Amino acid sequence: MNTSSEGLQSILEIVQNTPETEYQNVIVERKDYEVMYHLSPVRSNLLSWLPIRGTDRVLEVNAECGAYSGTLAELAAEVVCMERDAQMCEINRARNKGRTNLSYRMGSVDVLTDTDREAFDWIIVTGEDLEKIAELHSYLKPSGTLVLAAANLFGEKYWAGARRDPAACSRKHLERLLAESGYTDTRIYYPYPDHLFPMMIHSDAFLPSPGELHHNRRNFGEMRYEYFDETGAFDQILKEDMYGAYANSYLILAGGRERKKQERETIFVKYSDERSPEFAIRTDILANNNGKRYVEKTAISSAGNSHLQHIEDCYRKLSERYRNSGLLVNVCSHSTAGLSLAYVEGRSLADTFKHSLQQGRKEEAKELLEQYIRFVRMDETELSDRKEFVMTEQFREVFGDVTLPEHLQAGCGLDIDMIFPNLILDENGWNLLDYEWTFDFPIPYHYVIYRALFYESLEQDGKEFVLDEWLAKVGITEAEVPVYEQMEVSFQQYSRRGIVPTRDMQKLIGYPVISVPDMEHQIDDLKKEIHEISEKLYEKSVEAERYRVQLAAIEQTKLWKLRTKVRNLITGRT
């Protein structure tokens, strides 16, 4: 990114005087995209999942101000940061002054020496240095990996109105460049929303689900137009199996000539790191050589280890709770990465429920909802924890000091994130996938049900799914809804503890999104209003013409002529 000298000087002062853990607060305070681009911790999501070992040497090309350097240093034995800009290099040094395994070289490929030949296990290339990969090939170990990140020239966001990245390349161009440069075993990933601030990384082996790609307004540094609904367009692209051509960005891993196939490969990465550090985790889906898949959850920092332990404890408690209920709790166990979970394949309750509505089978959808409610309330078993809601201090800490209607039924040990996508039906029955937000204090059943229906409404067609109607079907009153809305706001604040998600920075920084469809709707409304006004004007003009004709007829009558003569005599007019 081209950053002014003044901007770089400001960033240097920040890193010299601010702990790295406080960068996010500075970003929110400054509301400056240059600061956000260079210092956002979300930037490191692009690379932090890579299987870089503690014995590996890494060459980072175009290191800029060190957005990735610190993360790479935490993973590898040694990182060489190569950067042409002296100010950026100075910022990187100041930012990572406590990391002794980082070294810096001013310049480009020309600063590498013969001793660097075949010396690096990993070479990281982003942005403007893509054309250098042929020269870099000789510096990669034969068993090493080149990592290439770039914006897609044909990315969907550009068709939708975002300004095109000057360094964007097509997939064909990148694949041709890699092949001509001697790289083999190419694996392509798709960072979303893009490679700059990724929250998910998909692959051809694990593509997005319909409706999943809904955080698309990322114009942090300038205004943009929005020509169409990007989520709907992505859904159609996925339906036509063309996501690889229109993904916004690429992350490519290409092997050296002797790179061996790994025993396991990551096929999907999801970051839940825009939370308080104690809750921040990463979820990976991996596949071994036999194609068997499994899930791993890793704490983003040591502060999150207690949350992983909490998840493991929840597995044991929920397994006991749902024993013989028809609901299976996804198997969870401790692993070297953090937690290992089974990968469950099947159809989610969200997909099944939506399909029933789309097919007009409302009774079937209602039966699915009733089954879901039985899982929440455990109506088919005798549980001692079913009782009227009682406010506790633990509840207030998480959900706020709200006033709930009296006599609400509540339960302890409820998983409030038992939303429709987290329930999967396979050959063994219904499976509960995610249960990290399970609490031991009393929570109203209605809140859990409201939450599931609310988040489902965000994914459904408003014509087929009217939230108020479905809330009424399950007995949630109008008086409860605003309380549950406030509880949800408080819960999100509890999980974030002051962290502002990247998706909210677009509004915070203040660059507008001009929605062309919205403008078209406004124009249509104005046209309708003009048409209505024109019709009224026409009606008035017809009425005025009728009065004119009537007046002309009156003026021709004898009485009117006599009146005129009398008036003239009185006034002296001739």
Side-chain angles (χ1 to χ4, degrees), residues 43-52 61-62 68 121-134 136-137 140 143-159 164-165 167-209 212-213 233-234 237-257 259-271 282-289 291 293:
R43 294 288 308 282
S44 66
N45 289 356
L46 184 71
L47 305 177
S48 61
W49 62 277
L50 292 174
I52 299 174
V61 181
N62 190 33
Y68 308 122
D121 299 279
W122 297 81
I123 296 180
I124 314 295
V125 183
T126 59
E128 59 193 45
D129 287 305
L130 297 177
E131 301 298 332
K132 302 283 187 181
I133 64 172
L136 290 167
H137 188 276
L140 183 69
S143 59
T145 303
L146 172 79
V147 180
L148 193 64
N152 177 14
L153 183 65
F154 301 109
E156 192 248 28
K157 68 177 182 180
Y158 299 132
W159 298 103
R164 199 175 302 277
D165 186 332
C169 298
S170 71
R171 176 170 178 165
K172 290 292 184 183
H173 175 75
L174 293 172
E175 289 176 331
R176 184 169 56 250
L177 193 61
L178 288 164
E180 291 174 352
S181 302
Y183 296 94
T184 61
D185 187 29
T186 301
R187 288 162 291 150
I188 299 181
Y189 293 89
Y190 311 111
Y192 175 83
D194 55 34
H195 67 297
L196 297 180
F197 301 96
M199 298 309 298
M200 294 185 287
I201 300 175
H202 296 88
S203 67
D204 288 322
F206 198 97
L207 291 170
S209 301
E212 185 178 4
L213 307 181
F234 269 132
I237 287 168
L238 289 162
K239 184 178 179 181
E240 297 295 329
D241 194 24
M242 299 178 69
Y243 187 65
Y246 294 102
N248 287 330
S249 295
Y250 297 121
L251 179 67
I252 302 178
L253 275 58
R257 61 181 181 274
R259 184 182 183 276
K260 296 179 181 179
K261 185 174 179 60
Q262 302 297 305
E263 292 182 2
R264 61 179 196 169
E265 300 283 0
T266 302
I267 60 175
F268 173 68
V269 181
K270 180 179 180 180
Y271 286 89
R282 189 186 81 226
T283 302
D284 300 344
I285 297 179
L286 304 100
N288 61 23
N289 289 337
R293 297 180 176 184

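Here the structure is a predicted model, which means the values were calculated and not measured.
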Report the distance from atom [atom1] of [X] to atom [atom2] of [Y], rounding to the nearest 0.5 Å.
X: I285; Y: I267; atom1: CD1; atom2: CD1; result: 6.0 Å
X: L207; Y: D241; atom1: CG; atom2: CG; result: 7.0 Å
X: L177; Y: L130; atom1: CG; atom2: CG; result: 7.5 Å
X: L146; Y: D185; atom1: CG; atom2: CG; result: 12.0 Å
X: Y246; Y: L238; atom1: OH; atom2: CG; result: 13.0 Å
X: L46; Y: L251; atom1: CG; atom2: CG; result: 5.0 Å

(request) Compute whether any side-chain donor of one residue and acceptor of the other, for S48 and Y271, lie under 3.5 angstrom apart. (result) yes
For a quick test of reading the model, state the closest non-hydrogen atom pair linking [X] to [Y] and the distance between them.
X: H195; Y: A149; value: CD2-CB, 4.2 Å
X: D121; Y: L140; value: O-CD1, 3.9 Å
X: P191; Y: S249; value: CD-O, 3.4 Å
X: P198; Y: N45; value: O-ND2, 3.0 Å
X: S44; Y: Y68; value: CA-CD2, 4.1 Å

(request) Compare all side-chain heavy atoms of T266 with those of I201 and state whether any distance is below 4.5 angstrom. (result) no
(message) Is the shortest side-chain heavy-atom distance between R264 and D284 below 4.5 Å?
(response) no
(request) Evaluate side chain to side chain contact (heavy atoms under 4.5 Å, CB included) for L213 paired with H202, printing each intermediate quantity in order. (result) CA-CA 11 Å; L213 307 181; H202 296 88; 4.2 Å; yes
(request) Provide the full list of salt bridge (charged side-chain N to carboxylate O under 4.0 Å, His left out) pairs with a residue in residues 170-182, sequence neighbours left out, each pair given once. (result) R171-E175, R171-D204
(message) With salt bridge (charged side-chain N to carboxylate O under 4.0 Å, His left out) as the rule and sequence neighbours excluded, what pairs involving residues 193-203 come up?
(response) K157-D194
(request) Show the numbers, then the answer: is there a side chain to side chain contact (heavy atoms under 4.5 Å, CB included) between I123 and H137? (result) CA-CA 9 Å; I123 296 180; H137 188 276; over 6 Å; no
(request) Kindly check if the number of other-residue, nucleotide or ligand heavy atoms within 6.0 Å of CZ (F206) is above 12? (result) yes
(request) Tell me, yes or no, whether the heavy-atom count around N289 atom CG, taken from other residues, nucleotides or ligands under 6.0 Å, exceeds 12. (result) yes
Check: [X] side chain, [Y] main-chain N or O, donor-acceptor pair, under 3.5 Å:
X: S209; Y: E212; answer: no
X: S181; Y: Y183; answer: no
X: R187; Y: I252; answer: no

(request) Have a look at N248 and tell me which of F234, F154, Y158 forms a side chain to side chain contact (heavy atoms under 4.5 Å, CB included) with it. (result) F234
(request) Using the side chain to side chain contact (heavy atoms under 4.5 Å, CB included) rule, pick out the option among L50, V125, I52, V61 that qualifies with V147. (result) L50
(message) Test of understanding: with side-chain hydrogen bond (donor to acceptor under 3.5 Å, both in side chains), list the residues that count as partners of N152, not counting sequence neighbours.
(response) Y250
(request) Among F268, Y243, W49, find the one that has a ring-ring contact (aromatic ring centres under 6.0 Å, His included) with Y189. (result) W49
